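These notes are about the structure you will find just below.
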Amino acid sequence: MSKPFRALRNFALILPAFAMVASPALQAAPAKAKRAAAGKPAPAPKIDPNTPWLYRGSDIPQDKEWQFGELPNGVRYVVRKNGVPPGQVSIRIRMDVGSLYERDHESGFSHLLEHMVFRQSRYLGEGEAIPTWQRMGATFGSDTNAETSPVSTTYKLDLPNATEASVDESMKLLSGMMIAPVINEKNVRTDVPIVLAEMRERGGTATRVFEQTQQTLFAGQKLAVRPVIGTPATLNAANAATVTQFHQRWYRPENTVVIVSGDIAPEAMEASIKKWFSDWQGVGPRVAEPPFGDPLPPKGAKGLAPIGETRVLVEPEMPRSITYAVLRPWRPVRDTVVYNQGIMTESVAQAIINRRLEAKARAGGSFLVAQVTKDKIARSADATYISITPLGADWQAALRDTRGVIADAMAKPPTQEEIDREVQEFSVAFESSVEQRRLLPGGKLADDMVTALDIRETIASPEVVQDIFNRSIKLFTPASILAKTRAMFAGNVTRAVYVTPQAGEATAPALRAALATPVAANTNARLAANSIKYSDLPAVGQPAQPVAEKATGLLEIKQIDYANGVKVILWPTEDEPGRVTLKVRFGGGWRAFTAQTAPYATLGEMALVDSGVGPFDREAMDRASTGRKIGFDFEIEDTQFVFKADTRAADLEDQLHLFAAKFAAPRWDSNPVLRAQAAARINYESYAASPQGVLERDLKFLERGRDPVFRTPTPADIDGTSVEGFRQVWQPILSQGPIEVQLFGDFDQAKAIDALNRTFGALPSRGSLPAGTAGLDARTLDPSAEPVLLYHRGQDNQAAGIIGWPTGGGTAQLRESRQLEILTQIFQNRLLDKLREKLGEAYAPQVVNSWPLELNAGGNVFALANLQPKSVPVFFATAEEIATDLATNPVSVEELARVTEPLKQSLTRASSSSAFFMYLIEGATSDPERYRGVRSVLGDYTETTPEAMRALAQKYLAPGKSWRVAVIPQGQDLAKSAAGSVPVAR
């Protein structure tokens with residue numbers, strides 16, 4: 001499935017449990033939420049000066065694993081011992097400054113300064129920051145990065161193989177970056193083009209819609225007019241003096257928090273912070289935080305949430321969507337137990353509404369997706385968002401039907417059964433978080449602390465959060481849920497935006513009138529009580545014992561074979577308490593489809609699971625899973641289909657039963673297919689809105705040599721599908737062909753095998769793959785200096801280029817495929833340095849090594865970049881120049897180390913997880929080479945020579961071996977392109 005389809009499906013089918021976990025208020029990960037109705041804060045309590053600074057004024061029990069401190073100059077810090085992954089230390093430097101702190105002429109300065117801090121500083125020469133940490137094993141982008149938001153700028157370093165000495169050196173370098181970046185005209189003029197390239201890459205239709213939506217929803221506030229990345233005018237006007245003034249105003253010790261979580265002694269972390277940050281003194285007096293403004297109602301307006309600004313955006317490449325928000329002022333809160341109990345009550349109310357909306361969408365109606373979310377936005381507003389994807393041009397019906405469900409929730413309390421269902425969902429998520437708390441990586445814990453600081457609330461351990469929730473259950477009454485529901489939809493003002501591809505379909509006054517029109521409460525959306533259990537599923541078949549059990553020679557992993565063609569890779573391990581992972585690989589993957597049946601692959605990714613199992617439709621599956629940790633994800637790979645889920649030992653047998661029943665007794669409900677067809681049609685036109693969208697649509701098709709199986713189906717293709725056709729394509733896929741089950745995690749082996757005997761062992765004989773399944777060969781584009789031309793309908797200053805070199809596939813050359821990753825990352829470093837740092841032509845060019853282990857061929861090394869149209873030939877020439885040099889001259893030992901050390905550290909960290917090993921041996925039941933390949937993985941990825949890299953580049957990257965693709969604006973010609981470019985056939 002293409003990513004937009006997958007994103008739409010995930011959004012459409014979001015479960016309340018996910019909403020709860022993702023919501024900061026209810027995270028079992030500790031950052032607390034920002035979701036209470038605005039109002040006057042409670043009287044300030046007496047504050048014990050010995051209380052850690054984060055908890056002053058709060059009665060939330062302190063998470064004792066964090067150690068807090070303050071330096072005399074105002075720098076605050078917090079440190080924590082954490083051994084996940086082993087040897088890593090995560091450092092975050094959070095500055096209390098973001099785009100909302102900027103003055104009019106400084107728009108974008110927070111983000112520009114983020115770039116300049118990495119450019120050059122007290123202890124780092126120009127361009128030395130990234131190579132310095134690469135030599136320490138940190139990968140640029142994932143281990144070394146920074147981000148700017150409206151309210152903060154955070155610098156991130158995940159340092160592998162950390163020692164007290166390397167952490168101290170890193171703290172020294174980071175202190176120099178914060179305190180004394182080198183801000184001169186040369187550096188400003190170097191970084192501004194890079195930021196403008198980033199702006200161009202992130203621009204386009206979607207960004208324009210986001211910015212105009214922000215301008216409407218937050219009209220009159222700074223958030224409406226302060227894009228984080230700034231504007232071309234303010235960035236081009238930036239100079240050393242103005243950026244220095246901005247730095248001196250906001251980069252001060254009082255605005256700094258240093259967060260360290262990792263695998264060294266907290267005392268060493270604390271000592272290093274004190275050593276490098278204690279002498280820092282701000283320049284001039286501290287400046288107060290500027291006002292961000294409040295959402296204000298129209299003059300003279302009255303009522304719960306009077307209608308304010310509305311807007312209609314006509315974007316021909318965007319699907320229809322309605323977003324309206326009920327806005328209240330943001331106010332600081334006392335982060336107390338009572339406050340959090342109110343948030344939890346509110347979250348239950350929100351989950352009930354979303355479940356009703358999802359049930360209505362599944363049943364078929366006027367909208368594909370509708371959802372309510374509540375959040376506090378950038379300390380600017382406490383907002384309730386309602387987002388709707390209409391199924392067609394009748395947006396009024398979609399809005400009316402969504403509001404009808406909400407009106408019913410506001411009119412009458414929910415049933416106790418509805419409340420209990422959501423409580424069970426929340427409870428299992430909290431329980432799992434407690435069970436798995438020691439698995440939380442140090443980087444995640446540090447990021448949670450940043451989130452808490454951004455929303456100015458505290459942090460709590462999973463045990464504390466679970467305890468507060470359990471004590472809150474008695475508060476979740478129909479009356480209290482009703483009160484919270486009504487509060488969610490009351491506020492200062494309601495504002496709305498409608499995006500449509502069709503001009504003349506709506507106007508701002510019509511949208512305002514539709515929101516102001518009273519709606520009848522839709523009582524049909526309420527879900528009746530209906531207790532369903534997995535025991536209601538029919539038995540899969542006659543239980544069977546394995547015909548073979550054998551050790552794999554890897555750790556305690558064993559393989560179990562059944563006579564019916566099912567093979568199981570089994571690994572019980574206590575390394576990840578409370579977590580069990582199940583993957584079921586079957587069928588032929590993309591090989592199962594022809595040009596005629598390929599549209600059903602797209603529909604299957606969205607509808608196969610939702611079509612049901614035996615007597616269970618999707619609603620019944622959800623009900624049976626209430627209070628359980630049972631999942632059902634599905635994806636299509638080159639040679640396999642995959643069901644997967646994270647579960648736990650207590651739910652493992654039912655999880656196995658659910659998956660096995662999908663093979664033994666699939667259900668074929670029509671509504672999920674109809675919904676998938678609608679989603680595919682809605683999304684298709686949006687691909688043309690940007691170069692990235694066009695590549696999303698066409699890159700796989702081109703990579704595979706224009707194999708029509710990989711062509712994204714058009715609306716006409718989708719119109720040619722049917723519910724019956726869906727069944728005819730997918731039924732043989734589910735009923736035929738070998739199955740590989742991967743089961744690993746915290747479970748009892750004997751009980752798991754017994755459950756497997758009754759489920760997968762009980763399936764009928766699987767036989768061979770269905771007739772017509774393609775072989776393992778794969779095509780790629782033929783080498784050509786003439787690029788394939790594709791066209792987008794977005795901004796006329798956006799383009800993209802891809803240049804690729806065919807490689808190979810399969811496990812026969814496993815070491816060579818891994819060595820190619822080293823060469824690819826050397827290429828990546830050079831392309832980034834040349835195209836971004838020296839030429840300023842692209843913000844984030846990438847080089848990717850694609851070597852399909854399951855196929856005999858089809859691999860490519862390809863470089864891609866988002867560019868200005870005029871720069872596409874420059875990109876091709878630059879990439880070809882680098883490839884030729886790699887094939888001609890050996891790399892230096894130092895350049896090689898900048899790649900192999902981060903790879904070594906990444907693999908060392910990954911190998912602490914059982915999932916890493918199970919990923920490496922996927923498919924090993926039919927290709928035992930996968931088992932043997934695990935032992936050489938570290939050496940294959942990290943041990944090489946400059947001459948070996950040159951030989952590999954000569955084999956694959958030599959001149960004349962590349963293919964090219966250019967995506968340019970519709971109506972333009974490729975700059976300096978040779979005649980005869982071949983437009984892709986659509």
Side-chain angles (χ1 to χ4, degrees), residues 1-6 586-608 611 634-642 673-674 676-688 693-737 768-782 784 788-791 802 804 806 809 850 852 854-860 963 965 967 982-986:
M1 187 195 321
S2 64
K3 289 180 182 177
F5 288 155
R6 180 175 292 114
F586 64 96
W590 282 105
R591 297 182 299 142
F593 302 101
T594 64
Q596 291 70 40
T597 62
Y600 288 104
T602 294
L603 299 182
E605 287 181 298
M606 292 185 279
L608 185 64
S611 294
F634 173 59
E635 61 186 38
I636 303 175
E637 297 180 349
D638 278 333
T639 64
Q640 300 278 305
F641 301 101
V642 184
V673 179
L674 298 174
Q677 289 173 324
R681 294 187 190 99
I682 286 171
N683 277 284
Y684 187 81
E685 289 303 322
S686 66
Y687 289 122
V694 170
L695 293 177
E696 180 89 30
R697 183 190 68 196
D698 292 341
L699 181 55
K700 189 73 170 181
F701 170 61
L702 294 171
E703 271 191 277
R704 290 299 165 82
R706 294 193 177 91
D707 184 339
V709 167
F710 296 98
R711 187 171 65 88
T712 300
T714 65
D717 295 329
I718 297 300
D719 290 342
T721 63
S722 67
V723 172
E724 181 55 33
F726 183 87
R727 177 172 182 166
Q728 290 174 2
V729 168
W730 282 101
Q731 192 162 36
I733 289 173
L734 291 174
S735 62
Q736 296 174 243
S768 301
L769 291 171
T773 302
L776 297 175
D777 293 328
R779 305 197 299 262
T780 60
L781 281 177
D782 294 331
S784 175
V788 174
L789 287 181
L790 304 175
Y791 299 93
I802 295 183
S850 166
E854 300 85 0
L855 298 171
N856 295 329
N860 291 278
W963 51 263
V965 177
V967 187
V982 184
V984 66
R986 294 297 306 158

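Model, not experiment: these values are computed from the prediction.
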Atom [atom1] of [X] and atom [atom2] of [Y]: how far apart are they, to the nearest 0.5 Å?
X	Y	atom1	atom2	value
L608	L734	CG	CG	5.5 Å
T602	Y684	OG1	OH	11.0 Å
E685	R697	CD	CZ	9.0 Å
R591	E854	CZ	CD	9.5 Å
Q736	S768	CD	OG	8.5 Å
Y600	R727	OH	CZ	13.5 Å

Check [X] against [Y] and note the closest heavy-atom contact, atom names and distance.
X	Y	answer
A598	P708	CB-O, 4.5 Å
M606	A679	SD-CB, 3.9 Å
D717	T712	OD2-O, 4.5 Å
A592	I733	CB-CD1, 4.1 Å

Quiz prompt | Check against side-chain contact (heavy atoms from CB on, under 4.5 Å), L702 and L790 | solution = CA-CA 11 Å; L702 294 171; L790 304 175; 3.9 Å; yes
Quiz item: Taking the six-membered ring for Trp, are F586 and W730 ring centroids under 6.0 Å apart?
Solution: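 No, the ring centres sit 6.0 Å or more apart.
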Using modelled atom types and a 3.5 Å cut-off, is there a donor and acceptor pairing between side-chain atoms of [X] and backbone atoms of [Y]?
X	Y	answer
S735	Q731	yes
S611	A607	yes
Y791	A688	no

Quiz item: Are W590 and D707 close enough that a side-chain donor and a side-chain acceptor fall under 3.5 Å?
Solution: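 Judged by distance alone, the side chains do not pair up.
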Quiz prompt | Side-chain donor-acceptor pair present, T721, Q677, cut-off under 3.5 Å | solution =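 Side chains of T721 and Q677: pair found under 3.5 Å.
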Quiz prompt | Residue pair I802, L695: steps toward the side-chain contact (heavy atoms from CB on, under 4.5 Å) verdict | solution = CA-CA 9 Å; I802 295 183; L695 293 177; 3.7 Å; yes
Practice problem: Give the intermediate values and the outcome of side-chain contact (heavy atoms from CB on, under 4.5 Å) for residues V965 and D698. | Solution: CA-CA 10 Å; V965 177; D698 292 341; over 6 Å; no
Quiz item: Are I718 and L603 side-chain neighbours, meaning at least one heavy-atom pair lies under 4.5 Å?
Solution: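 With C-beta onward as the side chain, the pair touches.
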Quiz item: Does the ring of F701 carry R711 above it, NZ/CZ under 6.0 angstrom from centre and within 45° of its axis?
Solution: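 The answer is no, since R711 fails at least one limit relative to F701.
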Practice problem: List the steps and the verdict of salt bridge (Lys or Arg N to Asp or Glu O under 4.0 Å) for R704 and D638. | Solution: CA-CA 11 Å; R704 290 299 165 82; D638 278 333; 3.1 Å; yes
Quiz item: So among T780, N860, D782, which one has a side-chain hydrogen bond (donor to acceptor under 3.5 Å, both in side chains) with W963?
Solution: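 In the set T780, N860, D782, the residue that makes a side-chain hydrogen bond (donor to acceptor under 3.5 Å, both in side chains) with W963 is N860.
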